[in-house]
Amino acid sequence: MNAVFDSSALSSSLKEGLKQIEGAQSSEELESVHSKYFGSQGLFSLASKSIGSLQKDERKEAGEFFGRCKKEFDCAFLKKKEEVEAKEEKEKLDSERVDMTLPFTRFPMGSLHPITLASRKIEAFFTSLGWSLGEGPEIEHAWYNFDALNFPPDHPARQMQDTFYMSPEESCLVLRTQTSSTQVRELISGPLPLYTASIGKVFRSDPLDAFHSPVFHQCEGLAVDEGLSVSDLKGVLKALCAYLFGEAEIRLRPSYFPFTEPSFEMDMLFGGEGGKWVELAGAGMVHPNVLKSAGVDPEKYTGFAFGIGIERVAMLKYGIKDMHDLVEGDERFSRQFAMGE
Amino acid sequence: MTVIDLDWMKEYVDTPAGSSPQKIAFALTKMGFEEEKLSPAITGPLVVGHVLECVPEMHKGHEIHFCKIDIGQKVEEIVCGAPNIAKGSWVALALPGAVLAGGFLILPQPKYGHTSNGMCCSFRELGWKGSTQDGIILLDDLGQKGEIKPGEDAIELLKIKGWKLDVEITPNRGYALSYRGMARELHCAWGGAYRDPALSPALSSLPRLKEGQIEVEEGMEELYCLFAARAEGEEISKDPEDRIFRRLALSDVITKTQAQAAASFATLEIGCPVEVMDAGKISFPLQVRKGKAGEKAKILGKEIECEGRVVVCQKNDGKVLSLLGMGTASGLEAGKGCKEALFLSYSLDPSYASRLSQSLKISTDSSYRLERGVDSRACKPALSRALSLLKGCSFETLLSLEKPWEERVIKVETKKAESILGEEIPEEKMVKELQEAGCEVKSEDGRLFVKIPSWRYDLREAVDVEGEIGRLVGYDLIKPGLPENRAMAASSPLKKVEQKVQDAFAYAGLNEVTSYPFVGEKDFALLEESPEDLKLMKIANPLYDSRPFMRTDLLSTLLFTCSSNVHHGLEGVKIFETGRVFLASGKSWFSEKPPRGERLSDEKLAAIECSLPSQPLHAAAVLSGKGFENNWQNERELLDYRDVLQVLNRLEERLRLKFEIKQPASSIASGFNSSLLHPGRSCAVYLKGKLIGIAGEINPRTIKNLGLFDHSCALEIDLEALASVPKEAFRASSPSLYPSVKQDFSFETGSKMSCGELEECIRKGAGETLEGLELFDVYKEEGENPSLTFSVRLRSKEKTLDSQDITKIRDSIISIAQAAGARLKGNC
């Protein structure tokens, strides 16, 4: 049997419902209020169904009345729902609060050694000029380390670099004293013109102190072409220093290496005007005898070469005061260079 | 000579007005003589002191004074041995930190039961006066008149200001080891008038020759010249004359007698070695000859074999008086009481002098000069200079031997010089500069004919003169250019691989370090290694006797670096290194000494390559202790094999490669030492079937020996082997949009089957449709082989996989796995 539409009962249900909505404290309570009135046996559901049993002329009025009541209920419900959910969300978020200052477990990023960083920077410079990057053995034959580089036999120049000799003596093997030993190798193996740089370890039997290490790194640059001059050498070194340290003033100071003539030390003015001249590289025009050792005609080709101390570059660039830091393998020192400068 | 007294140098060259010591140092640096240190000749604190107390004390028959001296701010306790000090004296007191003449550093010193906090100076100690017997400087007159105060600067007061400059002289510039040479360089730099002391008319001749006193053996090619003279008189053994003493002292040379001072003065001034000995202890006539078998000389306290070496000896008994190139025999010094002196001045073939010094491992002032080249034509004036400083003595020349000087004229094309320097230089400027350096120059049709002076051993070929022109003109004038690179750059595959490996390790949380490649017996013992198993290369002259070998693998040194970090108190160490290892080749040596400036034949170059050891580039990593920071949420405390495998994974990802892991790590392969690793927790790493490395936990005994944390782990990779494996070029692909299918497989592995091998079976079976493979369960009952359950995600790039496709793939996976020894336990 169909229920009879009773507008006054609907009115009081609405009043009661609005009261219950207002009194709800949680979404759960609110939903149960909604079910009570709009569930299958809810008062509003039943009232809606009962409209159909009214006379046609009564239906319109009852329908409009029902609509108003429902609208009022829905409005109150939605408003309350928003309010309760906001409250609940706030409570939930509050309950999820953590102490953000608690340390978290982490597997930190590692680091590259400053020698690697400085080397890569220098390599990037030469690669950008289109130079090739070369390699050479660290245990080297004396012919490449001395003879081919025009070191006169018995000359004190051979003692300029305190050499480690390998045993037995007749092996004529040494730990290379400079990366220049790769010069003749490059010239013999490479076609001309040649523009190449190689970075590697070199060895001198100097004890370790704040400024020297028996094992250190050099970058050897070598260019052999027709018509190269001291001016070209100066330009490349100046550009390199500018690349590494910003705008740089350099000077070529006369020096002596058997494998270059003329020979220089290259100093850079560190700290701008009133600063200090710091020695950064040995350099010079490749000696004709070195070219001849590699079978290159010195009448046709000239070349320049230079050797840059990587430790010196790293020390200046990163403000490192003591060589011990660079060579002793203390992880705490390396960590400062986490994946870059 | 590396120490220059600037005032002495100025006796030979005029300097512009107002030229400061700093400007002189700068000018010489630009000429190629690098300033090491510029300092006042006397460095304070040297202050006026007033003696408040002076208590005489006797110590072993020697009277000293224990004094309390007021220096203004405080009172210092000083022990003074001078007889002329007394209470109330005003003295010049050098305080700790002061450096006096001869480089004498003042420090607090225990003396006669007291601590002396300084020294009361005599003029001699300040390089001023030739006698200690005069006692200390007394400033009593000034003190009593109140003109000085305790603590006042005594350097200023005594007007003993001067400057000395330490310079580095390169081995090619032996001529600059003298005031004569250095003054000429300053003349070249600034153009001020130069007075060559060797050309002084007063030094052009020697006294009358007395024949028959010294015989010279025929055929001694090494001996370029030798002059000898005898002096007799009181002056010889007197204290050095003030002026001479001061000059020498400020050049860091201290002498006891005038004869010694005369020899040293002549050497420093002109550059030729001048020796002096007590002629009263010598029996004439003498011989200059090659030493005979068994002949010895004691020089600088060492017994030296003289056979085959040029000696001056007594004719009657063969007693060696001087080994030329080294110095005078001990016991013949022209010291106090010497009445007659024999002076020698000489020059030798630099190669001979160098071989002599190297074979004896002795370097003396004479050998240092001679191996760098001594001007033979200046030896006579040098001897004459030494004699000129002995007033009132009688002289006779005993030998005047001089080989004819071979003049060298070098032809230089001016255009070639310009093209080498990259700068236009007027010919007349080239000529002028070379003349100022002492060359005689004739110019003709764009060529210079340069007569090289006798002191310039370094100018031998045209290229040397071209360089010299640049040096004299000044390299500052040369404008920097940048050459156009006409060559094509070729990248180095090894360098690329090294960089990627370094990056991968650093991204995996490892820190790069360096270690020296030297190892020794003690290291082998700690690492539990047998040196006989290693292909060791030995250094003949190691820096550290305990480590004379080159490492054969990187872990042998990196493990010690790790150990030292642990000993620094680090609780977790994660380090890596790239570097070369050295493996003796055992091939034949190449011992020929080919001439300079000649290309070796291809056969000889190949022989050199054959003689080199193998020296591949490796990378290694060691992980020890805690791996995580603030590990309060994590159960795992210590790094172990899983972490080193994780590093390998990072490497695979960075290199876009897939390694094959095989257990156990093989026994020692070249360059890897798997005995360093735990036999059950280590593996060999392969790439396309090629062994490229090892990884795993470190052997517990090694861990204990080195004090590392338990489960410490390591890996080592041969980067050259890695770079040599051909790699396909990377090509990106679009992700498939067809649906995926998930299948689970549970297999019981065979007794010898590893998880990796089973995984490989699944990969093969699934082929290109495999999109994901995840092990999600390992179950093992006691006594049984483990069961591994994998979740496999399949997806085709061409179509939606239907049931037929899936069955085919599933069957393929199962059959490959079963063929490899696994048993299917379930599939869904």
Side-chain angles (χ1 to χ4, degrees), chain A residues 103 105-108 110-113 116 129-133 137-139 141 143 147 150 154-157 160 164-167 170-172 193-195 205 214-215 225 228-232 234-235 238-239 252-256 261-262 285 288-289 292-295 327 329 331 334-335 339, chain B residues 29 32 170-172 351 354-355 371-372 419-422 463-464 467 470-471 475 478-483 485-487 489-490 492 495 502 506 509-516 537-541 543 561 565 573 575 580 582 589 591 596-597 599 608 612-613 615 628-631 633-634:
Chain A
T105 303
R106 58 190 289 267
F107 199 85
S111 60
L112 295 176
H113 195 271
T116 299
L129 289 186
W131 291 36
S132 62
L133 299 178
E138 289 172 13
I139 293 184
H141 196 277
W143 188 75
D147 304 86
N150 196 39
D154 312 315
H155 194 267
M160 275 166 79
F164 286 115
Y165 294 91
M166 301 307 295
S167 199
E170 62 267 26
S171 70
C172 296
L194 177 72
Y195 292 81
S205 56
V215 183
D225 202 342
L228 290 179
S229 69
V230 175
S231 164
D232 297 314
K234 201 172 177 181
K238 190 172 168 61
L252 295 182
R253 177 163 47 78
S255 187
Y256 170 70
E261 182 60 50
M285 299 303 292
N289 281 348
K292 284 186 210 160
S293 294
V327 304
E331 193 187 15
S334 297
R335 271 187 208 156
M339 279 314 289
Chain B
T29 295
T170 51
N172 60 326
S351 292
S354 187
R355 282 197 304 275
E371 61 189 6
R372 282 159 176 75
S419 96
I420 285 285
L421 298 170
V463 65
D464 301 324
R471 184 179 80 96
Y475 294 119
I478 297 173
K479 290 180 274 301
L482 204 56
N485 180 2
R486 300 194 293 124
S492 150
K495 184 66 77 182
Q502 287 170 327
L510 275 59
N511 299 298
E512 191 180 19
V513 295
T514 58
S515 63
Y516 288 163
M537 294 288 297
K538 191 172 185 186
I539 303 168
N541 56 333
L543 195 58
T561 308
N565 275 290
V573 180
I575 51 175
R580 293 193 180 272
F582 306 88
W589 308 127
S591 308
R596 278 188 298 150
R599 187 192 188 280
I608 285 182
L612 294 177
Q615 31 198 320
F628 303 93
E629 287 183 9
N630 305 313
N631 199 29
Q633 300 174 93
N634 204 316

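When reading the values below, keep in mind they use all heavy atoms of this one structure, side chains included, and skip hydrogens, waters and symmetry mates. As the structure is a computational prediction, the values presented were derived from the model and not from experiment. Convention: sequence-line order gives letters A, B, ...; per-chain numbering from 1.
With a 4.5 Å cut-off on non-hydrogen atoms, A:Pro214 touches chain B through its backbone and its side chain both. Within the 4.5 angstrom heavy-atom criterion, atoms from both the backbone and the side chain of B:Asn541 approach chain A. Looking at B:Ser419, only its backbone comes within 4.5 Å of chain A, counting heavy atoms on both sides. Interface remark: B:Lys479 contributes backbone atoms only to the contact with chain A (heavy atom separation under 4.5 Å). Interface residue A:Met285: only side-chain heavy atoms are found under 4.5 Å from chain B.
At a threshold of 4.5 Å between non-hydrogen side-chain atoms, the residues B:Phe582 and A:Glu138 count as touching. A:Val327 places a side-chain heavy atom less than 4.5 Å from the side chain of B:Tyr516.
In terms of heavy-atom pairs under 4.5 Å with chain B, the best-connected choice from A:Leu252, A:Leu129, A:Asp225 is A:Asp225. Ranking B:Ser515, B:Ser351, B:Gly32 against chain A, the residue ahead of the rest is B:Gly32, based on heavy-atom pairs under 4.5 Å. Your options are A:Gly329, A:Ala239, A:Ser293, A:Ser334, and the one with the most heavy-atom pairs under 4.5 Å with chain B is A:Ser293. Your options are B:Val513, B:Thr561, B:Thr514, B:Leu510, and the one with the most heavy-atom pairs under 4.5 Å with chain A is B:Thr514.
One finds the OG atom of A:Ser171 at 13.0 Å from the NZ atom of B:Lys538 (value rounded to the nearest 0.5 Å). The OH atom of A:Tyr256 sits 5.5 Å away from atom CG of B:Asn172, with the distance rounded to the nearest 0.5 Å.
B:Gln502 places no side-chain N or O within donor-acceptor distance of the main-chain N or O of A:Leu112, the cut-off being under 3.5 Å. Listed for the B:Glu512 side chain is a donor-acceptor partner under 3.5 Å among the backbone atoms of A:His113. Remark: the backbone N or O of B:Trp589 is not paired with any side-chain donor or acceptor of A:Glu170 at under 3.5 angstrom. Side-chain atoms of A:Ser231 come within 3.5 Å of backbone atoms of B:Gly481 as a donor-acceptor pair (strictly under, hydrogens ignored). A:Lys234 contributes no side-chain N or O that, together with a main-chain N or O of B:Leu482, makes up a donor-acceptor pair within less than 3.5 Å.
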Worked verdict on A:Tyr165 versus B:Ile539 for side-chain contact (heavy atoms from CB on, under 4.5 Å): CA-CA 6 Å; A:Tyr165 294 91; B:Ile539 303 168; over 6 Å; no
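Residues B:Ile420 and A:Pro262 approach most closely at CG2-CD, 4.3 Å, considering heavy atoms. Contact between A:Val230 and B:Leu421 at its shortest, heavy atoms only, is CB-O, 3.6 Å. Closest non-hydrogen pair, A:Pro288 versus B:Val463, comes out as CD-CG2, 3.7 Å.
Side chains of B:Asn511 and A:Glu331: a donor on one and an acceptor on the other come within 3.5 Å.
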